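Here the structure is a predicted model, which means the values were calculated and not measured. Any value given below was found using the heavy atoms of this structure, including those in side chains, with hydrogens, waters and symmetry copies removed.
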Amino acid sequence: MASRQRPDARRHRDVQRPLRRLDAVPVRRHGPRDETAGPRRLRRHPRRHRLPRVRTDEVIRASDRVETYYDHARELVDLGGAYTCSCEAGAFSDMKNSGEACPHREKDVETVREEFEAMVAGEYESGEMVLRVRTDIDHKNPALRDFVAFRMIDTPHPREEAAEYRAWPMLDFQSGIDDHLTGVTHIIRGIDLQDSAKRQRFVYDYFGWEYPEVVHWGKIQIDAYDVKMSTSTIRSLVESGDLDGWDDPRAPTLASVKRRGIRGEAVVDAIVELGTSTSDVDLAMSTVYAKNRELVDDESDRRFLVRDGAAIPVEGGPDAAHPPLHPDHEDRGRRDIPVRDAVLVELEDVPDVGERVWLKGYGCVRYEDPVDGEASFVFTDDDIDAVREEGVPVIHWVPAAESVPVTLRTMDGDVSGHAEPSFRDYAPDDVVQFERVGFARVDSVPEDAAEEHVAYYTHP
RNA sequence: GCUCGGUUGGUGUAGUCCGGCCAAUCAUUUCGGCCUUUCGAGCCGAUGACACGGGUUCAAAUCCCGUACCGAGCACCA
């Protein structure tokens, strides 16, 4: 994943199996945030976030390890690296911002130790006492000055096993300790946590530990969507009915691209290619499409789909056409498309009167408009040189009768059209390439084939 | 306000630490050609970038300073 090799990372090249911990993985948090409610109830990773090649070897819970954090806090206190502080948060912040130490900073270790044990025993209420790491109170970066390691929480932890604890570690302390104890070699985290490493190093220095390699990366934005890639924005559009759901093709979500038939692997490929830049990057959907095309092109059979077609009679030609299911795989067989009396073609494919077009898989026809009658395609029996040498356009078509009504859902809205009769053979989740239109994933197939089928447009 | 990052073609990326082999890599996009009964694929080709201004140097994408713009942190959230 780390395509950018940091100089120090080379040292780890020979490590057999680097242990990586991902901070700020895309775990969505649902429901209102209640700042007073104690450790947030963590949801299981929703299914839609499971991606190929992302494998979790082991899950550890901080709430099972509170005693471990206490032990390290005690050791840190003994090393002179931490002190208990009863400053009101705002007051401390003001002092800190002007580089001033609070009076508690110089307490002796004995007192600190006693007060910390009192924290552990739950003798304080929320807000009354914290344990701070002694960093550098006039460090030029105010973000690093004497940060909080433990604070009191009145609300019991939702897990019964941890419900009795009242003194809880902050993220930087907890994850810093766990990274070392679990042997993490590489930390991959967002740029919002850039200062975490700097804070945690103070703790590591007290303990004499070596800090893991850190790779930071910025936010990823996706082009091609009108809807902002924001959970709250999407949620409100879903709730108001402007989007049909989280998997609406207009929504910039994994659920949406999945429903369109884009493989998770294509998304992973594209994102891995973005690398780990610390600046925000735009993921071009065209890159995702290119990756997906590589995956699906070979196995997607071809069919015709005419969008908003015009019916035009056909005279003088064969009864049916037999184009291959896949141009690169003749062995898969051929389709059988009846012609009957008329075909549907897309409006923009209708030629000028007197001009020829090549109905793909069928043959060349001339568009003729007799003075008193209905304009029609008259079979000309030209051979393929008409296309190769004379520039006759090749277009797709479906029989005017017997074709299958299809709603094609796209990022730009729904399009209705008709697919050739054998489209009935498809089942939900199949991916088809509608020639000259693009790939699509079959979403639903009605009992009665005359009813509307629904397909999701994948990409060109 | 203080602090920390970042800025290479439309998009992403390599190169920046250790200046020269970088008139800048690769992918994608766009355009054109070949092939193909479309699209796609394949093959060939083209367009297109070192944010700006100074400085150091024989030599700067690379080092230094400044500016602009973007992002992030300065919480008893994770």
Side-chain angles (χ1 to χ4, degrees), chain A residues 3-8 23-24 27 29 33-37 39-40 42 62 85-90 92-93 96-99 126-132 139-145 147-153 167-168 170-172 174-175 190-196 198-199 216 218-221 223-224 269-271 273-291 293-294 296-298 300 302 304 321 323-324 326-328 349 358-364 383-388 392-397 433-439 459-460:
Chain A
S3 64
R4 171 174 294 185
Q5 276 247 324
R6 303 297 162 118
D8 287 340
D23 268 322
V27 181
R29 308 176 188 95
R33 254 188 220 195
D34 181 350
E35 300 300 346
T36 63
R40 180 178 295 129
L42 285 178
C85 172
S86 53
C87 289
E88 190 269 322
F92 184 87
S93 179
K96 179 204 71 178
N97 286 333
S98 53
S126 172
E128 284 185 346
M129 187 67 81
V130 298
L131 183 75
R132 292 185 183 280
H139 193 284
K140 67 175 181 171
N141 184 350
L144 309 185
R145 297 171 189 165
F147 61 93
V148 172
F150 281 82
R151 86 301 205 187
M152 304 303 297
I153 291 176
W168 284 89
M170 302 296 289
L171 172 76
D172 283 337
Q174 174 270 120
S175 67
I191 48 170
D192 50 323
L193 263 25
Q194 278 179 120
D195 289 337
S196 284
K198 294 172 183 167
R199 280 192 284 261
H216 290 111
K219 286 200 209 87
I220 298 176
Q221 293 294 334
D223 71 348
D269 285 345
I271 288 182
E273 208 168 85
L274 293 183
T276 55
S277 166
T278 55
S279 41
D280 289 358
V281 296
D282 286 335
L283 172 61
M285 281 305 285
S286 59
T287 304
V288 176
Y289 297 162
K291 300 292 180 195
R293 229 178 259 127
E294 286 173 18
V296 300
D297 179 57
D298 196 63
S300 304
R302 273 52 170 168
F304 290 147
H326 193 296
D328 300 337
D349 286 336
W358 189 285
L359 297 179
K360 163 95 174 133
Y362 181 71
C364 192
D383 77 10
I384 193 61
D385 286 342
V387 170
R388 288 179 175 157
V392 171
V394 176
I395 66 170
H396 60 288
W397 55 279
Q433 187 192 127
F434 288 127
E435 301 193 53
R436 297 186 69 224
V437 175
F439 292 89
H459 50 64

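- Residue A:D282 places its side chain closer to B:rU11 than to any other of B:rA72, B:rC76, B:rU11.
- Heavy atoms of A:V130 sit under 4.0 angstrom from at least one base atom.
- Comparing B:rA72, B:rU36, B:rU11 by their nearest atom to the side chain of A:R388 picks out B:rU36.
- Counting any heavy atom pair closer than 4.0 Å across all strands shown, A:I191 reaches sugar-phosphate atoms only and no base atom.
- Within the 4.0 angstrom heavy-atom criterion, base atoms lie near A:C87.
- In this structure, A:G127 reaches the bases: a heavy-atom distance under 4.0 Å links it to at least one base atom across the strands shown.
- Here the side chain of A:S286 is nearest to one of B:rU29, B:rU38, B:rG73, namely B:rU29.
- The side chain of A:L193 lies closest to B:rA78, out of B:rG12, B:rG40, B:rA78.
- The side chain of A:T278 has B:rG5 as its nearest neighbour among B:rC77, B:rG5, B:rC74.
- Comparing atom distances between the A:A284 side chain and each of B:rU38, B:rG73, B:rU11 picks out B:rU11 as nearest.
- At the heavy-atom level, A:M129 lies nowhere under 4.0 Å from the strands shown.
- Counting only heavy atoms from C-beta on, A:R151 has its side chain closest to B:rA78 among B:rA78, B:rG71, B:rU38.
- Using the Watson-Crick or G-U wobble rule with both distances under 3.5 Å, B:rC63 pairs with B:rG55.
- Residue A:D297 is classed as a base contact, given a heavy-atom separation below 4.0 Å to a base.
- Counting atom types as modelled, A:D328 pairs a side-chain N or O with a base atom of B:rG40 as donor and acceptor under 3.5 Å.
- Of the side-chain N and O atoms in A:K219, one or more sit less than 4.0 angstrom from OP1 or OP2 of B:rA72.
- We find that CZ of A:F92 is positioned 8 Å from P of B:rC76, with the value rounded to whole Å.
- You'll find that the side chain of A:V148 is closest to B:rC76, out of B:rC76, B:rU28, B:rU38.
- Phosphate proximity of B:rC74 to A:S93: absent, as no side-chain N or O sits under 4.0 Å from OP1 or OP2.
- Across all strands shown, B:rG5 pairs with B:rC70; the Watson-Crick or G-U wobble distances both stay below 3.5 Å.
- The separation between A:R302 atom CZ and B:rU37 atom C1' is 14 Å, rounded to whole Å.
- Using a 4.0 Å heavy-atom cutoff across all strands shown, A:N97 reaches sugar-phosphate atoms only and no base atom.
- Comparing B:rG6, B:rG73, B:rC76 against the side chain of A:A89 picks out B:rC76 as the nearest.
- Residue-level contact check: A:K360 touches the bases, meaning some heavy atom is under 4.0 Å from a base atom.
- Remark: A:K291 is not in phosphate contact with B:rA27, judged by side-chain N or O atoms under 4.0 Å from OP1 or OP2.
- Look at A:K96 and you'll find a side-chain N or O under 4.0 angstrom from OP1 or OP2 of B:rA75.
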